[in-house]
A.B. asks: 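This is the structure I want to talk about, given as structure tokens.
Here is how names work: the chains are called A, B, and so on, in the same order as the sequence lines, proteins then strands, and each is numbered from 1. The figures here come from the full heavy-atom set of this structure, side chains too, leaving out hydrogens, waters and symmetry mates.
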Amino acid sequence: LAVDRLPDGEVSPYLVDDLMVGDELEVRGPLGGWFVWRPEGVSTVPSRTQPGGAQEQPLAEPVQLIGGGSGIVPLIAMMRAHRTAGSAAPFRLLYSVRTPDDAFFRDELDRPDRGTDVTMLYTRRAPDGSPRPPGRITEADLTRYAFAAEEKPNVFVCGPTGFVEAVSRALVAQGHDPQRVKTERFGGL
Amino acid sequence: MSVHLDGNALAGPLAEVFAADVTTARLRCASCGDVAALARAMVYGGPMGAVVRCGNCDDVLLVFVQAPDHSSITMQGASWLHIDR
């Protein structure tokens with residue numbers, strides 16, 4: 001679980017500022033099975049209707065993760081599931097964040113697992129010596145750092161609505177099958 | 001009203017109404033005929049619930065109202081709901 005403190009939020013300021021170690025919370029979930037990656041060999045649908053049990057994903061297909069800001073949270077869970085399962089699926093992460101100080105899970109992202117490639121895209125300030133000038137994610141970034149459409153990756157995009165829509169439009173324009181691009185706009189109702 | 005979200009945001013609120021996970025269920029838009037997971041729909045939240053629009057044609061698929069003493073859902077814009085078992 002990760003909590004991003006929203007200054008005008010109802011719950012997150014309480015969780016960040018008031019909640020103390022040892023306090024008890026009642027938690028419901030996890031809920032929602034759509035924005036989820038499952039390692040190869042694990043059933044995609046818990047099926048009672050298929051003889052012989054679960055459907056299996058055919059092979060370890062490449063996975064492209066693209067996150068903006070706190071949209072990294074479900075993606076880091078996928079990276080951890082990838083590690084835990086010892087999955088052979090090649091993983092790539094593009095993580096767009098304002099400055100190096102704004103990155104969630106920075107220690108973990110600095111030392112990714114074998115088979116996982118992490119590219120940081122800074123929008124406001126990049127570290128000294130960074131080859132890419134700060135700026136929002138572009139089609140050129142996708143061409144340069146992400147799996148190409150021909151490699152048929154499963155793509156997961158999570159972030160603020162504007163980020164998700166710009167990235168998913170660019171992916172489809174580059175030939176990615178919209179059915180392989182899953183998105184989650186973060187926020188609550 | 002804030003910026004729209006997508007059907008993933010309905011996982012919590014609709015778990016109080018449906019026994020199955022509806023975000024992975026597929027809906028057929030009564031207006032354009034597009035069939036897509038509810039997670040792919042656009043969700044416009046308000047203080048009393050949400051208006052859910054087709055990700056393809058933007059017509060209203062369903063309206064979900066959450067009041068202190070009841071919930072109600074109108075699904076005039078969805079011609080069917082398909083849930084995997």
A.B. asks: Checking B/A9 against chain A: side chain, backbone, both or neither under 4.5 Å from a heavy atom?
C.D. replies: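 Answer is both: backbone and side chain atoms of B/A9 are under 4.5 Å from chain A.
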
A.B. asks: Side chain, backbone, both or neither: which part of B/V43 has a non-hydrogen atom closer than 4.5 Å to chain A?
C.D. replies: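 Side chain only.
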
A.B. asks: Are A/L171 and A/F147 linked, directly or through intermediate hydrophobic residues, by side-chain heavy-atom contacts shorter than 4.5 Å (ILVMFWY only)?
C.D. replies: no

A.B. asks: Can a donor-acceptor pair be found, under 3.5 Å and without considering hydrogens, that links the side chain of B/D6 to the backbone of A/F186?
C.D. replies: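 Answer holds: no.
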
A.B. asks: Heavy-atom count check: over 12 atoms from other residues, nucleotides or ligands less than 6.0 Å from A/R5 CZ?
C.D. replies: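 Counting other residues, nucleotides and ligands, CZ of A/R5 exceeds 12 neighbours.
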
A.B. asks: Are there more than 12 heavy atoms of other residues, nucleotides or ligands under 6.0 Å from atom CZ of A/R124?
C.D. replies: no

A.B. asks: Give a yes or no on whether A/V3 and A/L25 share a hydrophobic cluster (residues Ile, Leu, Val, Met, Phe, Trp, Tyr; joining criterion: side-chain heavy atoms under 4.5 Å apart).
C.D. replies: yes

A.B. asks: How close do B/T24 and A/G33 get, counting heavy atoms only, and between which atoms?
C.D. replies: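 Heavy atoms of B/T24 and A/G33 come nearest at CG2-C, 3.5 Å.
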
A.B. asks: What I want to find out is whether B/R40 reaches A/E184 closely enough, with some N-O distance under 4.0 Å, to be called a salt bridge.
C.D. replies: no

A.B. asks: Roughly how far, to the nearest 0.5 Å, is CZ of A/F35 from CG of B/N8?
C.D. replies: 7.5 Å

A.B. asks: Which answer fits B/M42, side chain, backbone, both or neither, if we ask what part of it has an atom under 4.5 Å from a heavy atom of chain A?
C.D. replies: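 For B/M42, side-chain heavy atoms alone lie under 4.5 Å from chain A.
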
A.B. asks: I'd like to know if the side chain of A/T161 and the backbone of B/H4 have a donor-acceptor N/O pair within less than 3.5 Å.
C.D. replies: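 Checked: pair present.
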
A.B. asks: Examine whether an atom of A/P74 lies under 4.5 Å from a heavy atom of chain B, and if so say whether it belongs to the side chain, the backbone or both; otherwise answer neither.
C.D. replies: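 Neither part.
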
A.B. asks: In terms of heavy-atom contacts, does CZ of A/R125 have more than 12 from other residues, nucleotides or ligands at under 6.0 Å?
C.D. replies: yes

A.B. asks: Would you say A/R180 has more than 12 foreign heavy atoms packed within less than 6.0 Å of its CZ?
C.D. replies: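 Check passes, neighbour count above 12.
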
A.B. asks: Heavy-atom count around B/D69 CG within 6.0 Å, excluding the residue itself: above 12?
C.D. replies: yes

A.B. asks: At their closest point, which heavy atom of B/A15 faces which heavy atom of A/L31, and how far apart are they?
C.D. replies: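 Closest heavy-atom pair between B/A15 and A/L31: CB-CD2, 4.0 Å.
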
